[in-house]
Amino acid sequence: MTYQAPYKDMQLLVAQAYQQHGLDKLELLEGFDTDLANAVMEEAAKFASGVLAPLNQVGDVQGCRFEEGKVITPDGWKDAYRQFSESGWIGLALPETFGGQGLPKYIAQPVNEMWLSANLAFVMFQALAQGGSEILLKFASESLQARYLPNIVSGAWSVAMALTEPNAGSDLGALTTKALAQDDGTYKIKGQKIFITYGDHDLTDNIAHLVMARTPDAPAGSRGISLFIVPKYRVNPDGSIGGFNDVCCTGIEHKMGLHGSPTCSISYGEKDECVGELVGELNQGLIAMFVLMNEARLSCGLQGVALGELGYQSALEYAKERTQGTNEKGERVAIIEHPDVKRMLLDMRSETFALRSLGYQIAAQIDLADSNQNTALHARIALLTPIFKAFATERANVMAGQVVQVFGGMGFVEETGVAQIMRDARITTIYEGTTGIQARDLLMRKVRGDQGLALKALLCEIDDQAAKVEANSALSKTAEEICHVVVKIRSLLDKALLGQEEDFLLGVSVPFLDAMGTLCCAWQLMNTVVLADDDIDDGYYQNLIAMVQFYGAFRLPTAMAALQTVESKSLGLQEYVF
């Protein structure tokens, strides 16, 4: 498989997000214009296709090895990591104070997408470095920041997020890892964690583990969780590396996909010599960790976009080359001439484009939110985050299946490489909170939490956008379908979403999220056409129109069907005995 960044799409959507949210008027972003964004994207595209993409299948075939207590990454990984860190890509959106480039999210978003498409297994450490650094910037003492951040931002050290335990998966309140206070202000850490992405490897000199643990007198459940930074090797006061810190990798997972990314089981304090330092306040660890988790959730959504793009490019190239069947003239044709293959390709193209637009809009909104305390803007970001994470990753799995379908029998064999996309995509709906967890968060916390205010504001904006294209005969039908979905959600808001019992709502939360994701994608496709400049290429513009029409005809009806489920009086869940 080859990968080339969809630069034209990215350039358009970055420019539109920049203009729509008035980022050019922010003093905080002075100098960070679209010309700079384009220059950064061009360099990133070269690195993605020239360095990372060729290693993608290498990582899948070789995987990581665990030998004599050490994790060994695939061939080429170490050199690629050296180039990646030396080029400054890890600190792209981190403060210049600690060696980063300080670029805004709206520029970092397309760059991160390129990394994820080119070699998802390799670059999973990047979101951890970004999120971990943001935690330290917000919650850590100046001493901790000074000792850790320069090394993390430069890539000399990496970050691992240690939440999950053998008997406590998504239920963080059940974790049992212990933290015992010491006279010098540090804590002795003891416990086991599993499923730790890049928990151990041979790419960096040190690994900073952000570990969730509880002190002996902590309150029960999630209210008693604290956050500690626990390095693999101790860090001296001057920031240099000290002795081994009793952080042991006990094994790596043999996974369905993402073979090149080491997913580790970690034991802390087997010899009672593991030392950690408190990040933030005692019993406030979950608040701090949500900073990283939100970063990771947005990264997961972008992984869905990235895998969709990689799959689309592979399927499109194959469909143009593979000759099978005849046309109405009896001539042998490439399978791209077959209507059903066209449908699958356009489905992937429109879905990926729409989800990319949604992700870029969220990134621009985060940049805008960083410059003010607008409550409504923060509520919009919070509302869209679970939708983007869950819907993008669910659709990535559907698209991966479509890629294999376009390839036919050749998609089922490993030589073509597209089976890797399906295997790699499967975990994205699970980690950082399953689709069910995201749907619960959306419905119970984001919608019911503010009595639907943020949702109502979003629906009004979508309505207004649809009204702008009512006179456009090519788009009027889709605009009408969008308005029907909006009306349906509004009616359900008061009739069901804010009034029904929690057990029933949890049973329909995923269909509701699916409907919201579909609506948001249709809105973003429409938004792109509305904002398109007059000088846009005619052929490209017509393709945008075609994507809007396709989405209105093929995808918006699925949103209405999902909402019918939400409106149903009984799901049979309570009556059925398993």
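Computed from a prediction, not measured in an experiment: that's the story for all the values here. All heavy atoms count here, side chains included; hydrogens, waters and symmetry mates do not.
- Between the side chains of Y431 and Q303, a donor-acceptor pair is found at a separation under 3.5 Å.
- Atom NZ of K446 is separated from atom CG of L453 by 15.0 Å, given to the nearest 0.5 angstrom.
- Shown here for L116 and A306, the closest heavy-atom pair between the two residues is CB-CB, 3.5 Å.
- The heavy-atom pair separating V14 from P110 by the smallest distance is CG2-CG, 3.7 Å.
- Between Q109 and E113, the side chains place no donor N or O within less than 3.5 Å of an acceptor N or O (distance only, hydrogens not considered).
- Between the NZ atom of K255 and the SG atom of C64 there is a distance of 7.0 Å, given to the nearest 0.5 Å.
- In this structure, K468 places its NZ atom where only 12 or fewer heavy-atom neighbours from other residues, nucleotides or ligands lie under 6.0 Å away.
- Separation of atoms CG (L258) and CZ (R423) is listed at 9.5 Å; rounding is to 0.5 Å.
- At least one side-chain heavy atom of F32 sits less than 4.5 Å from a side-chain heavy atom of L103.
- Counting only heavy atoms from C-beta outward, the side chains of T558 and T518 approach each other to under 4.5 Å.
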Worksheet item: Hey, mind stepping through M114 and S49 against side chain to side chain contact (heavy atoms under 4.5 Å, CB included) and telling me if it holds?
Response: CA-CA 9 Å; M114 293 179 198; S49 60; over 6 Å; no
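- Taking 4.5 Å as the limit, every side-chain heavy atom of N397 sits out of range of all side-chain heavy atoms of M422.
- A distance of 8.5 Å separates OG in S357 from CG in L531, rounded to the nearest 0.5 Å.
- Heavy atoms from other residues, nucleotides or ligands lying under 6.0 Å from CD of Q4 number 12 at most.
- At distances below 3.5 Å, not a single donor-acceptor pair connects side-chain atoms of N119 with backbone N or O atoms of A53.
- Although no hydrogens or angles enter the test, the distance criterion places no donor-acceptor pair under 3.5 Å between the side chain of Y81 and the main chain of V123.
- Atom OG1 in T478 sits 12.5 Å away from atom CE in M547 (nearest 0.5 Å).
- Using a distance-only test at 3.5 Å, with no hydrogens or angles considered, no donor-acceptor pair links the side chain of T197 to the main chain of T263.
- No more than 12 heavy atoms of other residues, nucleotides or ligands shown are found within 6.0 angstrom of CZ on F412.
- At a cut-off of 3.5 Å, with distance as the only test, a side-chain donor of N56 or Q420 sits close to an acceptor on the other residue.
- Put simply, the side chain of L384 reaches to within 4.5 Å of the side chain of R380, judged on heavy atoms.
- Side-chain contact of R322 with Q324: a donor-acceptor pair under 3.5 Å is present, judged by distance alone.
- Checking side-chain atoms of T385 against main-chain N and O of I381 turns up a donor-acceptor pair under 3.5 Å.
- In plain terms, the two heavy atoms of T2 and L310 that are nearest each other are O-CD1, 4.1 Å.
- Between the side chains of Q62 and D75, at least one donor N or O sits under 3.5 Å from an acceptor N or O.
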Worksheet item: Is there a side chain to side chain contact (heavy atoms under 4.5 Å, CB included) between L442 and I387 once you walk through the steps?
Response: CA-CA 7 Å; L442 172 65; I387 297 172; 3.8 Å; yes
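- Crowding of R555 atom CZ: a count of heavy atoms from other residues, nucleotides or ligands under 6.0 Å exceeding 12.
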Discussion item. Determine whether L525 and F353 satisfy the following criterion, side chain to side chain contact (heavy atoms under 4.5 Å, CB included), listing intermediate values before the conclusion.
Written reply: CA-CA 8 Å; L525 287 171; F353 188 97; 3.7 Å; yes
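- In this structure, H259 contributes its side chain and D60 its backbone to a donor-acceptor pair below 3.5 Å.
- Applying the side chain to side chain donor-acceptor pair (under 3.5 Å) test to E43 and every residue at least two apart in sequence or in another chain returns K46.
- F84 is listed as a side-chain neighbour of F125, based on a closest heavy-atom distance under 4.5 Å.
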Item to complete: Decide yes or no on side chain to side chain contact (heavy atoms under 4.5 Å, CB included) for F550 and R343, but give the supporting numbers first.
Response: CA-CA 9 Å; F550 177 88; R343 175 191 62 80; 4.0 Å; yes
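- The closest donor-acceptor contact from the side chain of H338 to the backbone of T326 lies at 3.5 Å or more, if one exists at all.
- Of the N and O atoms on the side chains of R349 and T352, not one donor lies less than 3.5 Å from an acceptor on the other residue.
- Between the side chain of Q549 and the backbone N or O of A474 there is at least one donor-acceptor pair closer than 3.5 Å.
- With hydrogens and angles left out, the side-chain atoms of Q361 and Q16 include no donor and acceptor closer than 3.5 Å.
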Discussion item. With salt bridge (Lys or Arg N to Asp or Glu O under 4.0 Å) as the criterion, how do R490 and D463 come out once you've worked through the C-alpha distance, each side chain's angles and the decisive distance to 0.1 Å?
Written reply: CA-CA 11 Å; R490 281 185 176 137; D463 241 354; 2.7 Å; yes
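- Within 6.0 Å of CG on D538 lie no more than 12 heavy atoms contributed by other residues, nucleotides or ligands.
- Side-chain contact between M161 and E432: present, with at least one pair of heavy atoms (C-beta onward) separated by less than 4.5 Å.
- Aromatic rings of Y106 and Y360 (six-membered ring for Trp) have centroids beyond the 6.0 Å cut-off, not under it.
- Between V469 and M526 there is a side-chain heavy-atom pair separated by less than 4.5 Å.
- In terms of modelled atom types and a separation under 3.5 Å, the side chain of K105 and the main chain of Q365 share no donor-acceptor contact.
- Inter-residue side-chain proximity for K320 and E337 is flagged as unmet; no heavy-atom pair is nearer than 4.5 Å.
- Annotation for P262 and G260: closest pair CD-O, 3.6 Å, computed over non-hydrogen atoms.
- For the residue pair D9/Y540, the side-chain donor-acceptor check at 3.5 Å is satisfied.
- Judged purely by atom type and a 3.5 angstrom limit, Q11 has no side-chain atom pairing as donor or acceptor with the backbone of N38.
- At distances below 3.5 Å, not a single donor-acceptor pair connects side-chain atoms of E351 with backbone N or O atoms of R395.
- The two residues A334 and A319 have their closest heavy-atom pair at CB-O, 3.5 Å.
- Here the options are N527, N543, L475, I482, the test is side-chain contact (heavy atoms from CB on, under 4.5 Å), and the partner is V548; only L475 passes.
- Nearest heavy-atom pair across A522 and L556 is CB-CD2, 3.8 Å.
- Crowding of E414 atom CD: a count of heavy atoms from other residues, nucleotides or ligands under 6.0 Å exceeding 12.
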